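Everything numeric in this text was worked out from a predicted model, so none of it was measured. In this chain, residues are counted from 1 in sequence order. In listed order, ligands and their atoms are each counted from 1. All values below come from the heavy atoms of this structure, side chains included, with hydrogens, waters and symmetry mates left out.
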Amino acid sequence: MSEIVIVSGSSNTPLAYMIAKRLNVQPAKVEIRKFPDGEKYIRIDSDVNGKDVFIVQSMHFKPDEYIIEALLLASAARDSGAKSVTLVAPYFAYARQDERFKPGEPISVATIAGLLNTSGINGLITVDVHRHRILDFSSVFKGKWIDVTVMPELAKYATAQGLVNGKTAIVGPDGEAIQWAKLAAESVNVKEYGALQKKRYGDEEVKVSGSLDLKGKNVFIVDDIISTGTTIVEASKLITEGGGRLTGVACAHGLFVNDALFKLYSEGITEVISSDTVPNQTTRVSSAEALSKGILSILK
Ligand code: R5P
């Protein structure tokens with residue numbers, strides 16, 4: 001195996017450094033700044049020639065800026081002779097724009113994946129990436145793709161906090177979230193898991209329905225992303241109306257845009273946990289271990 005180089009973009013340097021520490025390598029020296037006109041300047045000031053380069057860049061809050069940074073870092077690594085260039089994107093933006101919902105729209109996730117390819121990125125590692133209409137990223141990204149999960153870590157943390165036990169039902173708020181509920185449930189020996197159904201009418205307008213029998217049960221919700229919090233609020237209402245008791249909520253990526261957390265707390269949803277793919281005040285578990293394992297396995 002050739003040498004690994006970890007190059008951190010500016011979106012989540014603590015996570016990049018944690019990964020480097022786990023892999024026992026020094027993070028590369030990188031200069032990232034803006035020109036007076038707002039354009040990005042980047043420079044990798046470490047030797048990457050002949051090495052396997054991993055660019056760690058989450059894409060939350062300022063997705064377009066962070067994507068450009070990752071593309072520039074990748075092409076710099078490629079042009080400096082890197083043996084391989086892998087983008088480690090703990091939170092991968094644009095994944096929810098995976099269909100032409102109306103005529104005239106692009107399939108944005110395919111456009112972004114294509115940009116990664118043209119910038120010399122030949123590997124991609126994501127964490128619990130949103131997969132709804134595009135189930136396999138390999139259909140849009142030409143290279144090796146690995147998706148790792150933080151669902152077991154979230155479930156173990158929730159169990160240690162007493163939010164989940166053997167009798168809890170772990171529920172995803174929509175059909176796609178059944179995969180997260182399954183991963184979480186199996187990691188802590190919870191037998192009962194399932195998913196509700198969701199129909200989206202607008203950015204902050206969804207209807208959640210479902211026929212799970214949750215009467216008299218303790219229920220814990222898991223999802224990949226919490227953005228505006230609308231999905232969780234509606235799922236929580238349905239669970240409560242059906243006689244269930246919501247003990248808490250976990251997500252891999254806590255974007256919590258605008259007043260999302262306030263919305264959740266106002267609904268009485270106070271136990272909210274997330275991972276460090278998007279660092280925020282509910283972050284309780286790290287994706288560093290899962291990502292480090294992903295890095296080692298993509299090299300095989
Ligand atoms: C989409 O289906 C995702 O899995 C999440 O459920 C969604 O992104 C949550 O968004 P929001 O918090 O705005 O309802």
> Are the charged groups of Lys263 and Glu267 less than 4.0 angstrom apart, N to O?
Replying inline: no

>> Side chains of Gln57 and Glu69 only: does a donor on one sit below 3.5 Å from an acceptor on the other?
In response: yes

> Is the shortest side-chain N to carboxylate O distance from Lys237 to Glu234 below 4.0 Å?
Replying inline: yes

>> So that I can tick it off, tell me whether Lys34 and Glu65 are bridged by a salt bridge, with the cut-off set at under 4.0 angstrom between side-chain N and carboxylate O.
In response: yes

>> Does either side chain, that of Asp223 or that of Thr231, offer a donor lying less than 3.5 Å from an acceptor on the other one?
In response: no

>> So that I can tick it off, tell me whether Asp174 and Lys198 are bridged by a salt bridge, with the cut-off set at under 4.0 angstrom between side-chain N and carboxylate O.
In response: yes

> So which protein residues pack against ligand 1 under 4.0 Å, heavy atoms counted?
Replying inline: Arg96, His130, Asp174, Lys198, Arg200, Asp223, Asp224, Ile225, Ile226, Ser227, Thr228, Gly229, Thr230, Thr231

